[in-house]
> 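Sharing a structure below in structure tokens format, with a few things to ask.
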Amino acid sequence: MNEDIREGSVLLIPAYNAAGYLEQTLRPLLERSGSGRISPDRIAVIDDGSGDGTSACAEKAGVVCLRHEENSGKGTALMTGMAWARETGRRWAVTMDADGQHSPGDLDAFWSAPVRPDTAIVVGRRGMRGSTMPWHRRLSNHLTTRMISSLAGKPVFDAQCGYRMYNLDAATASAFPREGRFEWESQALVIACRKGFSILPVDIATVYTDNGSHMRLALDTFRFLKMFWRLSWTR
């Protein structure tokens with residue numbers, strides 16, 4: 001484990017109407033012990049305009065809670081979290097979804113990743129074969145990963161996985177969009193590669209829960225295709 005990365009990182013969890021399962025996501029993170037422990041003041045939940053008790057759940061757990069008054073999208077929430085991370089002097093930010101589909105046990109894989117000076121993003125790479133992920137999600141991930149890799153000019157490994165670790169200096173140099181929704185994460189991969197940075201994969205567990213996804217299939221697919229088309233013409 002790279003202690004410099006572990007000590008220099010925070011954990012960002014964008015959340016929207018996640019009160020029903022956020023506590024289950026936070027509990028195993030807070031119960032980690034030994035060298036793998038991450039303290040509550042280094043875990044930030046970004047409540048993206050929830051209408052339930054998401055903020056109250058985060059505050060009860062004792063972690064940092066950053067709140068948007070209106071729902072602005074996952075990408076916007078991630079940028080809010082990264083701004084907070086930079087303000088606290090951190091160099092790395094691990095991002096994890098709020099719905100329990102990312103295993104806390106895989107944090108060590110990110111902290112142990114063989115990063116180089118040009119590494120912008122460490123991407124969690126899920127094993128699809130034999131997993132419980134529905135076939136249409138596996139197909140979507142395969143297709144979008146190929147599409148984003150073609151725009152990036154190099155492999156991005158798992159374009160739809162939100163379990164990542166960002167080099168905050170590289171994120172600043174890449175000038176990631178300040179706002180965005182689900183398409184933001186794919187766009188960040190392309191922008192980082194086009195700025196000359198590299199993407200590094202780490203293998204993680206494939207976990208699929210029945211917690212409701214906030215992705216709106218038609219609208220978010222349209223946003224992805226619009227982003228893909230725009231980046232295709234701005235190489």
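No hydrogens, no waters, no symmetry mates; every other heavy atom, side chains included, goes into these values.
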> For the CD atom of Gln187 and the CD1 atom of Ile148, what is their distance to the nearest 0.5 Å?
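Here the interatomic distance stands at 9.0 Å.
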> Would you say that Lys226 contacts Leu231 through its side chain, given a criterion of any heavy-atom pair below 4.5 Å between the two side chains?
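No, too far: nothing below the 4.5 Å cut-off.
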> Does the pair Asp48/Arg67 count as a salt bridge with the N-to-O cut at 4.0 Å?
no
> Which value, rounded to the nearest 0.5 Å, describes the distance between Arg164 atom CZ and Leu78 atom CG?
8.5 Å
> Start with the C-alpha distance between Ile121 and Phe197, add both sets of side-chain angles, then the distance that settles side-chain contact (heavy atoms from CB on, under 4.5 Å), and finish with yes or no.
CA-CA 8 Å; Ile121 307 172; Phe197 293 103; over 6 Å; no
> Determine whether a donor-acceptor pair (N or O, by modelled atom type, separation under 3.5 Å) exists between the side chain of Thr206 and the backbone of Arg126.
no
> Measure across Cys193 and Ala152 and return the closest heavy-atom pair with its distance rounded to 0.1 Å.
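Smallest heavy-atom distance, with atoms named: CB-O, 3.6 Å.
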> Is it the case that the side chain of Asp106 and the backbone of Ala205 share a donor-acceptor pair, with hydrogens and angles ignored and the cut-off at 3.5 Å?
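Flag set: sc Asp106 to bb Ala205 pair under 3.5 Å.
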> Under a 3.5 Å distance rule, please check whether Thr54 uses its side chain to pair with a backbone N or O of Ser50 as donor and acceptor.
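Here the side-chain-to-backbone pair does not exist.
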> Do Ile46 and Leu168 sit in one hydrophobic cluster, given that two such residues count as connected whenever their side-chain heavy atoms are within less than 4.5 Å of each other, even indirectly?
yes
> Supply the atom-to-atom distance Ile13 CD1 to Asp99 CG, rounded to the nearest 0.5 angstrom.
10.5 Å
> Counting distance only, does the side-chain N/O of Glu183 pair as donor-acceptor with the main-chain N or O of Arg181 below 3.5 Å?
yes
> Sequence neighbours left out, cut at 3.5 Å: what donor-acceptor pairs do the side chains of residues 55-66 make with other protein atoms?
from	atom 1	to	atom 2	distance (Å)
Ser55	OG	Asp47	OD2	2.5

> Under 4.0 Å between a Lys/Arg side-chain N and an Asp/Glu carboxylate O for Lys195 and Asp118?
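Salt bridge: no.
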> Spell out, as yes or no, whether a donor-acceptor pair under 3.5 Å connects the side chain of Ser72 to the backbone of His68.
no
> Would you call Arg125 and Asp158 a salt bridge, taking side-chain N to carboxylate O under 4.0 Å as the test?
no
> Could you check if a side-chain atom of Val123 sits within less than 4.5 angstrom of a side-chain atom of Val156, using non-hydrogen atoms only?
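Side-chain contact under 4.5 Å: no.
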> Taking the side chain as every heavy atom from C-beta outward, state whether Met96 and Leu29 have any atom pair closer than 4.5 Å.
yes
> Tell me whether Glu179 at atom CD has more than 12 heavy atoms from other residues, nucleotides or ligands lying less than 6.0 Å away.
no
> Classify the angle between the aromatic ring planes of Phe110 and Tyr163 as parallel (below 30°), tilted (30 to 60°) or perpendicular (above 60°).
tilted
> Any sub-3.5 Å donor-acceptor pair from Thr144's side-chain atoms to Ala159's backbone N or O?
no
> Hey, does the side chain of Ser9 reach the backbone of Ala93 with a donor-acceptor pair shorter than 3.5 angstrom?
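The answer is no, because no donor-acceptor pair under 3.5 Å joins these two groups.
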> Tell me the closest heavy-atom pair linking Cys161 and His102, and the distance in Å.
SG-NE2, 4.4 Å
> Is any side-chain heavy atom of Val10 closer than 4.5 Å to a side-chain heavy atom of Ile43?
no
> Give a yes or no on whether the backbone of Phe176 and the side-chain of Ser174 come within a donor-acceptor separation of less than 3.5 Å.
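Pair absent, no side-chain N/O of Ser174 close to backbone of Phe176.
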> With a 4.5 Å limit on heavy-atom distance, are the side chains of Leu22 and Arg27 in contact?
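Contact flag for Leu22/Arg27 side chains = no.
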> So which heavy atom on Asp4 is nearest to which on Asn2, and how close?
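The answer is N-OD1, 3.0 Å.
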> Using the ring of each side chain (for Trp, its six-membered ring), is Tyr166 parallel, tilted or perpendicular to Trp184, with breaks at 30° and 60°?
tilted
> Ignoring hydrogens, what is the shortest heavy-atom contact between Ala113 and Ile5? Give both atom names and the distance.
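So the two residues come closest at O-CD1, 4.5 Å.
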> Hey, does Leu12 have a side-chain heavy atom less than 4.5 Å from the side chain of Met82?
yes
> Looking at every non-hydrogen atom in both residues, tell me the closest pair between Thr234 and Arg194 and how far apart they are.
O-NH1, 3.0 Å
> Distance from Leu30 atom CG to Glu23 atom CD, nearest 0.5 Å?
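Leu30 CG to Glu23 CD: 9.0 Å, rounded to 0.5 Å.
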> Any side-chain heavy atom of Ile191 within less than 4.5 Å of one from Pro177?
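SC-SC contact between Ile191 and Pro177 confirmed.
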> If you take all heavy atoms of Thr119 and Trp92, which pair is closest and at what distance?
O-CH2, 4.4 Å
> Apply side-chain contact (heavy atoms from CB on, under 4.5 Å) to residues Thr145 and Phe157 and explain how you reach the verdict.
CA-CA 7 Å; Thr145 297; Phe157 306 104; 5.7 Å; no
> Mark yes or no for whether Arg90, through its side chain, and Glu7, through its backbone, hold a donor-acceptor pair below 3.5 Å.
yes
> One pair to check against salt bridge (Lys or Arg N to Asp or Glu O under 4.0 Å): Asp97 and Lys74. What are the steps and the verdict?
CA-CA 10 Å; Asp97 291 347; Lys74 186 179 183 182; 2.8 Å; yes
> Is any side-chain heavy atom of Ser232 less than 4.5 Å from a side-chain heavy atom of Leu151?
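In short, these two side chains touch, coming nearer than 4.5 Å.
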> In Å, rounded to the nearest 0.5 Å, how long is the span from CD of Gln101 to OG1 of Thr25?
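Spacing of CD (Gln101) from OG1 (Thr25) equals 9.5 Å.
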> Using the test ring-ring contact (aromatic ring centres under 6.0 Å, His included), find all partners of Trp84 that sit at least two apart in sequence or belong to another chain.
none
> Would you kindly confirm whether Met227 and Leu189 end up in one hydrophobic cluster when ILVMFWY residues are joined by side chain heavy atoms under 4.5 Å apart?
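Yes: a chain of side-chain contacts under 4.5 Å links Met227 to Leu189.
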> Is the backbone of Ala109 close enough, under 3.5 Å, to the side chain of Ser112 for a donor and an acceptor to pair up by distance?
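It does not hold such a pair.
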